[in-house]
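Quick caveat, the model's predicted, so the values are computed rather than measured. Only this structure's heavy atoms are used, side chains among them; waters, hydrogens and symmetry mates stay out. Note that ligands are numbered from 1 as they come in the structure, with each ligand's atoms numbered from 1 the same way.
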Amino acid sequence: MSLETVVVLAAGEGTRMKSSIPKVLHSISGRTLLGHVLHAVDGLNAKNLRIVVGAGRELVEEHVSVIAPHATTVFQEHRGGTGHATQLALAGITSTGTVLVLAGDTPMLSSPSLAALLEVHHKGGFTASVMTAEHPDPTGYGRIVRSDDGSLLRIVEERDATDNEKAIYEVNSGVYAFDGAKLADAIGKLKNDNSQGELYLTDVLEILRNDGGSIAAVLIEDFVEILGVNDRSQLAESAALLRDLINEELMKSGVTIVDPLTTWVDSTAQVESDVTLLPGTWIAGKSTVASGAVIGPRTTLLDCTVAAGAHVIESNCTGAVIGKGAQVGPFTYLRPGTDLGASSKAGAFVEMKNAVVGEGSKVPHLSYVGDATIGEGTNIGAATIFVNYDGVEKHHTTVGDHVRVGSDSMLVAPITIGDGAYTAAGSVITEDVPPGAIGVARAKQRNVLGWVLRKRSGTKSADAASRHSDEKKG
Ligand code: UD1
Ligand code: CA
């Protein structure tokens with residue numbers, strides 16, 4: 001038996017989220033809720049993937065076109081219930097293979113658990129199989145009602161349940177495998193005789209059973225996997241649980257995490273063994289961190305590549321490449337297009353964007369480096385600004401190898417500072433500096449002797465000055 005079709009139900013409004021964006025587009029751990037579900041489904045090699053969209057349709061379709069371009073979206077105009085959504089998804093499908101149905105709001109589901117459900121379903125030749133779990137607080141979930149012989153009788157929703165049924169801890173995950181042909185037949189028989197006036201997919205199980213079908217309720221060990229996200233508390237809860245799972249895996253693989261509670265590594269990021277993550281660190285998006293790197297405390301890396309042995313302290317970096325053994329921080333802001341060479345440095349209160357910094361070059365303090373190429377072994381003095389914006393357009397600055405840019409230089413782009421050149425501190429450099437030259441572009445100093453005694457007599461400055469006979473004479 002092969003998996004023919006996967007149906008993901010994602011049309012609900014997510015009313016309980018109180019959000020202007022559709023529920024399934026809310027994110028945890030670097031993926032949307034829908035993204036997590038599609039990721040789990042990815043390895044199952046289904047022939048068709050159908051996603052039922054409704055609320056916020058355009059946004060969800062746009063997202064699907066990016067993360068699962070092979071999927072077909074099916075539009076459910078009005079919320080008619082999970083059964084109605086499944087009906088729509090199955091329209092036009094005539095093949096009889098297995099259909100897997102799941103919700104777009106259960107981000108903790110893992111591929112192995114889905115594969116295990118399918119295995120039970122196929123091996124046992126069941127008409128339908130539903131994944132269940134024992135939840136310590138089953139409130140809000142459909143309850144699994146079993147008959148005396150232990151077989152599944154039906155699923156009852158919280159709001160339709162009697163007190164006895166509400167006392168059941170075994171809940172419906174919302175994940176089902178069906179014999180496609182039998183499902184197609186039974187789904188037409190659903191009735192909306194429940195408190196919400198909706199067609200419940202859960203009722204299909206009872207219909208199939210009454211028609212003589214065999215139903216499996218597959219209890220999985222860890223209820224965490226089936227957690228649904230319906231409100232912001234559950235969103236935070238799932239995010240924290242996923243954080244813990246990921247941190248646990250990382251620590252097992254040899255990553256030091258000093259404070260797992262405040263360390264967040266997205267499921268989309270990669271961290272190698274022998275990396276140290278200090279408190280308050282978030283490794284987000286498609287970031288990768290190579291062995292021996294030390295990140296944090298209080299550092300965010302989004303879509304960054306950090307090479308072996310680099311240190312990033314108290315910094316915020318997006319779309320940056322941080323070379324082998326490079327030093328970043330504290331209080332450094334690296335923006336997209338920053339490419340720090342091996343053993344280079346972006347120090348305290350330095351902002352960079354679209355800047356390539358050569359091997360061993362240093363920008364140690366209080367600087368802005370935008371739209372620049374810096375060669376090897378160069379030092380950029382404190383408080384240097386790469387003046388890249390003329391108010392309309394951005395311009396590029398090229399700095400050669402082994403250059404010494406004096407503190408508080410303004411490098412007004414477009415400009416080139418040649419290999420081995422210097423600029424004098426406090427210069428506003430508006431013209432190229434040839435290799436080996438020093439660019440001096442500042443007013444010449446003049447001292448007006450005795451000025452303080454004449455103009456500020458009686459002040460503490462004048463008193464201090466008067467102690468120096470030279471000054472008095474002047
Ligand atoms: C559903 C199940 C419940 C189960 C729980 C697991 C039903 C009737 N109830 O309840 O037994 O314990 O999931 O998380 O199936 N959706 C549509 N169209 C609709 C209605 C819903 O696409 O017309 C989608 C939603 O976007 C959501 C999923 O189906 O992704 C489940 O809907 P939701 O309203 O969250 O159902 P629950 O009350 O959580
Ligand atoms: Ca739900």
Student: Nearest to atom 18 (N) of ligand 1, what protein heavy atom do you find, and at what distance?
Tutor: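 Protein heavy atom at minimum distance: Gln76 OE1, 2.6 Å.
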Student: Specify the protein heavy atom at minimum distance from atom 26 (O) of ligand 1: its residue, its atom name, and the distance to 0.1 Å.
Tutor: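 Residue, atom and distance for the closest contact: Gly12 N, 2.7 Å.
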Student: Provide the number and element of each atom of ligand 1 under 4.0 Å from a heavy atom of Gly80.
Tutor: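 Checking each atom against Gly80, I get 23 (O).
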Student: Would you say Asp105 has any N or O atom under 3.5 Å from an N or O of ligand 1, going by distance alone?
Tutor: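 Yes, there is a polar N/O contact under 3.5 Å.
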Student: For atom 21 (C) of ligand 1, what's the nearest protein heavy-atom neighbour? Residue, atom name and distance, please.
Tutor: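 Answer for atom 21 (C) of ligand 1: Arg79 NH1, 3.6 Å.
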Student: Give the atoms of ligand 1, by number and element, whose distance to some non-hydrogen atom of Tyr200 is under 4.0 Å.
Tutor: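 Listed by number with element, the hits are 8 (C).
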Student: Whether the Asp137 and Thr139 side chains hold a donor-acceptor pair (N or O, under 3.5 Å, no angle test) is what I'd like checked.
Tutor: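 Distance-only check passes for Asp137 and Thr139.
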Student: Compute the shortest N/O to N/O distance between Glu157 and ligand 1 and return yes if it is under 3.5 Å, no if not.
Tutor: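 There is such a contact, yes.
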Student: Specify the protein heavy atom at minimum distance from atom 29 (O) of ligand 1: its residue, its atom name, and the distance to 0.1 Å.
Tutor: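 Sorting protein heavy atoms by distance from atom 29 (O) of ligand 1 puts Leu9 CB, 3.4 Å first.
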Student: Distance-only criterion, 3.5 Å: show the donor-acceptor pairs between side-chain atoms of residues 296-309 and protein atoms not counting sequence neighbours.
Tutor:
from, atom 1, to, atom 2, distance (Å)
Arg298, NE, Glu314, OE1, 3.3
Arg298, NE, Glu314, OE2, 3.4
Arg298, NH2, Glu314, OE2, 2.7
Thr299, OG1, Pro297, O, 3.2
Thr299, OG1, Glu314, N, 2.9
Thr299, OG1, Ser315, N, 3.1
Asp303, OD1, Lys286, N, 2.7

Student: Going by the side-chain contact (heavy atoms from CB on, under 4.5 Å) test, name the single residue among Val74, Leu38, Val7 that passes it with Ile51.
Tutor: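 Among Val74, Leu38, Val7, the one meeting side-chain contact (heavy atoms from CB on, under 4.5 Å) with Ile51 is Leu38.
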Student: Would you mind running through ligand 1 and noting each atom that sits below 4.0 Å from a heavy atom of Ala85?
Tutor: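 It comes down to these atoms of ligand 1: 17 (C), 18 (N), 22 (O).
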Student: Atom 32 (O) of ligand 1: which protein heavy atom is closest, and how many Å away?
Tutor: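 Protein heavy atom at minimum distance: Thr82 CG2, 3.9 Å.
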Student: Run His84 and Glu198 through side-chain hydrogen bond (donor to acceptor under 3.5 Å, both in side chains) and show every step you take.
Tutor: CA-CA 8 Å; His84 177 244; Glu198 292 185 351; over 6 Å; no
Student: What atoms in ligand 1 come closer than 4.0 Å to a heavy atom of Ala11?
Tutor: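 So the answer, numbered in order with elements, is 17 (C), 18 (N), 22 (O), 26 (O).
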Student: Could you tell me, atom by atom, which parts of ligand 1 come under 4.0 Å of a heavy atom of Gly104?
Tutor: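 Ligand 1 atoms under the 4.0 Å threshold to Gly104: 30 (O).
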Student: Name the residue from Asp339, Leu334, Ile374 that meets the side-chain contact (heavy atoms from CB on, under 4.5 Å) definition with Met352.
Tutor: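 Result for side-chain contact (heavy atoms from CB on, under 4.5 Å) with Met352: Leu334.
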Student: What residue and atom, counting heavy atoms only, is the protein's closest point to atom 12 (O) of ligand 1, and at what distance?
Tutor: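 Here the nearest protein heavy atom works out to Asn172 O, 2.7 Å.
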Student: Does the side chain of Asp266 come under 3.5 Å of the side chain of Trp282 through a donor N or O and an acceptor N or O?
Tutor: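 Distance-only check passes for Asp266 and Trp282.
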Student: Any N/O/S atom, backbone or side chain, of Thr106 lying under 3.0 Å from the Ca ion (ligand 2)?
Tutor: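 Given the 3.0 Å cut-off, Thr106 does not count as a ligand of the Ca ion (ligand 2).
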Student: Give me the nearest non-hydrogen protein atom to atom 28 (C) of ligand 1 as residue plus atom name, then the distance to 0.1 Å.
Tutor: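 The answer is Ala103 CB, 3.6 Å.
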Student: Under a 4.0 Å threshold between the charged nitrogen and the carboxylate oxygen, would Arg209 count as salt-bridged to Glu206?
Tutor: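 So Glu206 does not pair with Arg209 through a salt bridge.
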Student: Check for me whether the distance between the ring centres of His121 and Phe126 falls short of 6.0 Å.
Tutor: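 No, too far apart.
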Student: Report the member of Gly81, Pro138, Gly83 with the shortest heavy-atom distance to atom 23 (O) of ligand 1.
Tutor: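 When every heavy atom of Gly81, Pro138, Gly83 is considered, Gly81 comes closest to atom 23 (O) of ligand 1.
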Student: Considering the options Leu205, Leu90, Thr98, Thr86, which one meets the side-chain contact (heavy atoms from CB on, under 4.5 Å) requirement together with Phe178?
Tutor: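 That would be Leu205; it is the only one of Leu205, Leu90, Thr98, Thr86 passing the side-chain contact (heavy atoms from CB on, under 4.5 Å) with Phe178.
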Student: Please find out if less than 6.0 Å separates the ring center of His365 from that of Phe349.
Tutor: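 For His365 and Phe349, the ring centres are not under 6.0 Å apart.
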Student: Between Glu170 and Arg146, is the closest basic N to carboxylate O distance under 4.0 Å?
Tutor: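 Judged by the 4.0 Å cut-off on N to carboxylate O distance, Arg146 and Glu170 do form a salt bridge.
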Student: Of all the heavy atoms in Asn230, does at least one lie under 4.0 Å from an atom in ligand 1?
Tutor: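 Judged by the 4.0 Å heavy-atom criterion, Asn230 does count as contacting ligand 1.
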Student: For ligand 1, which is the ligand I care about here, please tell me if Gly228 has any N or O atom under 3.5 Å from one of the ligand's N or O atoms.
Tutor: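 There is no such contact.
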Student: Among all the protein's non-hydrogen atoms, which is closest to atom 37 (P) of ligand 1, and how far away is it?
Tutor: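 Ranking protein heavy atoms by distance from atom 37 (P) of ligand 1, first comes Arg16 NH2, 4.4 Å.
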Student: Are Thr32 and His26 linked by a side-chain donor-acceptor pair shorter than 3.5 Å?
Tutor: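 The criterion, which ignores hydrogens and geometry beyond distance, is not satisfied for His26 and Thr32.
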Student: Can you confirm whether the side chains of Glu61 and Thr73 place a donor and an acceptor under 3.5 Å from each other?
Tutor: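 There is such a pair (donor and acceptor under 3.5 Å, judged by atom type) between the side chains of Glu61 and Thr73.
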Student: Give the atom numbers and elements of ligand 1 that come within less than 4.0 Å of a heavy atom of Gly142.
Tutor: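 So the atoms of ligand 1 that pass are 3 (C), 4 (C), 11 (O), 12 (O).
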Student: State if Lys23 counts as touching ligand 1 under the rule of any non-hydrogen atom under 4.0 Å.
Tutor: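 A heavy atom of Lys23 does come that close to ligand 1.
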Student: Among the N/O/S atoms of Asp105, which is closest to the Ca ion (ligand 2)? Give the atom name.
Tutor: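 This turns out to be OD2.
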